[in-house]
Amino acid sequence: MSLPLKVRRLGRQPYEATWEAMSQFTNNRGPDTPDELWLLEHDPVFTLGQAGKTEHVLAPGDIPVIHVDRGGQVTYHGPGQIVGYPMIDLRRAGVGVRELVHKIEQAIIDTLGHWNIGADRLEGAPGVYVAGAKVAALGLRVRRGCSFHGLAFNVDMDLEPYHRINPCGYKGLAVTQVLDLGGPSRLSDVEDALVEEFCRQFGFVAEAAPPILPELPARVAV
């Protein structure tokens, strides 16, 4: 039986408020809370994962650097990039963490295939690559068996800020985007394909949800 997936297209959102919202959503959800996928853009920001090393932030300039509770090293978010936050109950979906990462990567690879863009994984370096250049990064966290944080998928953005960091902790790592690979510039076009492929990977049925950050009532301690 297919599981519902509430898809929220949230537009441009500040990073910290969204981080707080997905953390609270994860803390307060119960066994019957439907899974959700949030799609949005962030204002320019560098985020550094839990084990992230500040030495990989070379020259941030006027872009803020925020230490966060996801895995991975440093990455950049900015306008023209799809950020996707899958809030999934892994037990209900029947996947482990490794399979979760694999399926998200495959959804991105298959999304790029809509425009005949051939993409791959790199062993030991989560994310999606085209001819060795990174087009999508992953940084996840699992709490109480549920995922949050997620993926950053470059579509049509200013890539200059990536020169201010070692992307994902790799010095000199090339970064690319969908537009430069011959794909569309409209985020909505790529989002449509991404939702389709994401649901295909996990066996979800997408349901449009209001474009607002949800608030769940606080869980009662027992």
Peer 1: Please determine, by modelled atom types, if Asp69 and His149 share a side-chain donor-acceptor pair under 3.5 angstrom.
Peer 2: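 Checked: Asp69/His149 side chains pair up, N/O donor to acceptor below 3.5 Å.
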Peer 1: What is the distance from atom OH of Tyr15 to atom NE2 of His77, rounded to the nearest 0.5 Å?
Peer 2: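 Those atoms lie 5.0 Å apart.
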Peer 1: Measure the shortest side-chain to side-chain distance between Ile82 and Leu194 over non-hydrogen atoms and say whether it is less than 4.5 angstrom.
Peer 2: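 Side chain of Ile82 against side chain of Leu194, heavy atoms only: contact under 4.5 Å found.
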Peer 1: Please step through salt bridge (Lys or Arg N to Asp or Glu O under 4.0 Å) for the pair Arg12 and Glu41, ending with a clear verdict.
Peer 2: CA-CA 5 Å; Arg12 188 161 166 177; Glu41 296 173 86; over 6 Å; no
Peer 1: Any chain of hydrophobic side-chain contacts (each under 4.5 Å) joining Leu37 to Val95?
Peer 2: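 Same hydrophobic cluster.
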Peer 1: Regarding Asp158 and Tyr76, do their side chains bring together a donor and an acceptor under 3.5 Å, going by distance alone?
Peer 2: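 Not at all, the side chains of Asp158 and Tyr76 share no donor-acceptor pair under 3.5 Å.
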Peer 1: Say whether, by atom type as modelled, one donor and one acceptor occur between the side chain of Arg9 and the main chain of Pro210 under 3.5 angstrom.
Peer 2: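 No, Arg9 side chain to Pro210 backbone: no donor-acceptor pair under 3.5 Å.
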Peer 1: State whether the side chain of Gln13 and the backbone N or O of His42 hold a donor-acceptor pair below 3.5 Å, judged by distance alone.
Peer 2: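 No: the side chain of Gln13 does not pair with the backbone of His42.
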Peer 1: Which heavy-atom pair separates Gly30 from Thr33 by the least distance, and what is that distance?
Peer 2: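 So the two residues come closest at N-OG1, 2.8 Å.
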Peer 1: Within the 4.5 Å heavy-atom criterion, are Leu5 and Phe198 side-chain neighbours or not?
Peer 2: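 They are in side-chain contact.
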Peer 1: To the nearest 0.5 Å, tell me how far His56 NE2 sits from Cys168 SG.
Peer 2: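 That separation rounds to 10.0 Å.
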Peer 1: Step through the shown structure and confirm whether more than 12 heavy atoms of other residues, nucleotides or ligands are within 6.0 Å of CD on Glu55.
Peer 2: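 It does: Glu55 CD has more than 12 such atoms within range.
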Peer 1: Could you verify whether a donor N or O on one side chain and an acceptor N or O on the other, from Glu197 and His114, lie under 3.5 Å apart?
Peer 2: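 There is such a pair (donor and acceptor under 3.5 Å, judged by atom type) between the side chains of Glu197 and His114.
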Peer 1: If you measure from CG on Leu179 to OG on Ser185, what distance do you get to the nearest 0.5 Å?
Peer 2: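 One finds 5.5 Å between CG of Leu179 and OG of Ser185.
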Peer 1: Between Val175 and Pro167, what is the shortest heavy-atom contact and its length?
Peer 2: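 Distance-wise, the nearest heavy atoms are CG2-CG, 4.0 Å.
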Peer 1: Could you pull out the closest heavy-atom pair between Ile66 and Glu16, with the gap in Å?
Peer 2: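 Where Ile66 meets Glu16 most closely, the heavy atoms are CD1-CG, 3.5 Å.
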Peer 1: For Ile108 and Phe153, run side chain to side chain contact (heavy atoms under 4.5 Å, CB included): C-alpha distance rounded to whole Å, both residues' side-chain angles, the deciding distance at 0.1 Å, then the answer.
Peer 2: CA-CA 8 Å; Ile108 297 168; Phe153 190 4; 3.8 Å; yes
Peer 1: Does CZ belonging to Arg143 count more than 12 external heavy atoms closer than 6.0 Å?
Peer 2: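 Yes - once you tally the heavy atoms of other residues, nucleotides and ligands closer than 6.0 Å, there are more than 12.
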Peer 1: For residues Trp19 and Val68, determine if any side-chain heavy atom of one lies less than 4.5 Å from a side-chain heavy atom of the other.
Peer 2: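 When only atoms from C-beta onward are counted, Val68 and Trp19 do touch, with a gap below 4.5 Å.
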Peer 1: Show your reasoning for whether side chain to side chain contact (heavy atoms under 4.5 Å, CB included) applies to Met157 and Tyr162.
Peer 2: CA-CA 11 Å; Met157 59 190 301; Tyr162 284 104; 4.2 Å; yes
Peer 1: Looking at Lys6 and Glu207, is any side-chain nitrogen of the basic one under 4.0 Å from a carboxylate oxygen of the acidic one?
Peer 2: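 Looking at Lys6 together with Glu207, the answer is no, because their closest N to O distance does not fall below 4.0 Å.
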Peer 1: Please test Asp62 against Arg164 for salt bridge (Lys or Arg N to Asp or Glu O under 4.0 Å), starting from the C-alpha separation and ending with a verdict.
Peer 2: CA-CA 11 Å; Asp62 58 349; Arg164 308 187 196 185; 3.3 Å; yes
Peer 1: With side chain to side chain contact (heavy atoms under 4.5 Å, CB included) as the criterion, how do Met87 and Asp35 come out once you've worked through the C-alpha distance, each side chain's angles and the decisive distance to 0.1 Å?
Peer 2: CA-CA 6 Å; Met87 262 71 76; Asp35 295 324; 6.0 Å; no
Peer 1: Please check if any side-chain donor atom of Ser23 sits under 3.5 Å from a side-chain acceptor atom of Arg141, or the reverse.
Peer 2: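 Absent: no donor and acceptor within the cut-off.
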Peer 1: Is it possible for you to say whether Val45 and Val57 belong to one hydrophobic cluster, with membership spreading through side-chain heavy-atom contacts below 4.5 Å?
Peer 2: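 Val45 does not cluster with Val57.
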Peer 1: Do Arg186 and Asp156 have side chains that approach each other closer than 4.5 Å (heavy atoms only, starting at C-beta)?
Peer 2: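 Side chain of Arg186 against side chain of Asp156, heavy atoms only: no contact under 4.5 Å found.
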Peer 1: Hey, any chance Val7 and Val83 share a hydrophobic cluster, counting ILVMFWY side chains that come within less than 4.5 Å of each other, even indirectly?
Peer 2: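 Val7 does not cluster with Val83.
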Peer 1: So, Asp89 and Arg144, do they make that salt bridge, N to O below 4.0 Å?
Peer 2: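 The answer is no: the pair does not qualify as a salt bridge.
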Peer 1: Salt bridge check: are Lys103 and Asp110 linked by an N-O gap of less than 4.0 Å?
Peer 2: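 No salt bridge links Lys103 with Asp110.
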Peer 1: Determine whether the side chains of Arg70 and Thr47 contain a donor N or O and an acceptor N or O closer than 3.5 Å.
Peer 2: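 Their side chains do contain a donor-acceptor pair, which is all the 3.5 Å distance test asks for.
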Peer 1: If every non-hydrogen atom of Trp115 is compared with every non-hydrogen atom of Asp189, which pair is closest and at what distance?
Peer 2: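 Smallest interatomic distance, heavy atoms only, reads CH2-O, 3.8 Å.
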Peer 1: In chain order, what residues pass the side chain to side chain donor-acceptor pair (under 3.5 Å) check against Arg91, with sequence neighbours excluded?
Peer 2: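 Scan of Arg91 (side chain to side chain donor-acceptor pair (under 3.5 Å), adjacent residues dropped) gives none.
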Peer 1: Taking the side chain as every heavy atom from C-beta outward, state whether Pro214 and Arg8 have any atom pair closer than 4.5 Å.
Peer 2: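 Side chain of Pro214 against side chain of Arg8, heavy atoms only: contact under 4.5 Å found.
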Peer 1: Applying the 4.5 Å side-chain criterion to the ILVMFWY set and letting contacts propagate, would Val178 and Leu40 be lumped into a single cluster?
Peer 2: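 No, it is not one cluster - the side chains of Val178 and Leu40 are not joined through contacts under 4.5 Å.
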Peer 1: Atom CG in Asn154, atom CG in Asp180: separation rounded to 0.5 Å?
Peer 2: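 These two atoms lie 9.5 Å from each other.
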Peer 1: For a quick test of reading the model, state the closest non-hydrogen atom pair linking Val128 to Ala119 and the distance between them.
Peer 2: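 In terms of heavy atoms, the two residues are closest at CG1-CB, 3.6 Å.
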Peer 1: Work out which heavy atom in Asp43 is nearest to a heavy atom in Pro14; give both atom names and the distance.
Peer 2: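 So the minimum-distance heavy-atom pair works out to OD2-CA, 3.8 Å.
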Peer 1: Looking just at side-chain N and O atoms, do Glu20 and Gln24 make a donor-acceptor pair shorter than 3.5 Å?
Peer 2: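 Yes.
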Peer 1: At what distance, to the nearest 0.5 angstrom, does CG of Leu187 lie from CD of Gln81?
Peer 2: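 CD of Gln81 is found 9.0 Å from CG of Leu187.
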Peer 1: Quick one, Thr54 and Leu48 - any side-chain contact, counting heavy atoms below 4.5 Å?
Peer 2: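 Touching, per the 4.5 Å side-chain cut-off.
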Peer 1: Verify the neighbour count for atom CZ of Arg98: are there more than 12 heavy atoms of other residues, nucleotides or ligands below 6.0 Å?
Peer 2: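 Counting neighbours around CZ of Arg98, 12 or fewer heavy atoms of other residues, nucleotides or ligands fall under 6.0 Å, so no.
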Peer 1: Under 4.5 Å between any side-chain heavy atoms of Val142 and Cys146, yes or no?
Peer 2: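 Sidechains of Cys146 and Val142: no contact.
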Peer 1: Given side chains that start at C-beta, do those of Thr176 and Leu181 come closer than 4.5 Å, heavy atoms only?
Peer 2: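 Thr176 vs Leu181: side chains touch.
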Peer 1: Assigning hydrophobic clusters by single linkage (Ile, Leu, Val, Met, Phe, Trp, Tyr; side-chain heavy-atom cutoff under 4.5 Å), is Tyr129 placed with Val74?
Peer 2: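 Not linked; separate clusters.
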Peer 1: Calculate, to the nearest 0.5 Å, the distance between atoms CH2 and CZ belonging to Trp38 and Phe148 respectively.
Peer 2: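 One gets 10.5 Å once the value is rounded to the nearest 0.5 Å.
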Peer 1: Begin from the C-alpha positions of Leu173 and Lys134 and carry the test side chain to side chain contact (heavy atoms under 4.5 Å, CB included) through to its verdict.
Peer 2: CA-CA 8 Å; Leu173 177 66; Lys134 196 161 197 171; 3.9 Å; yes
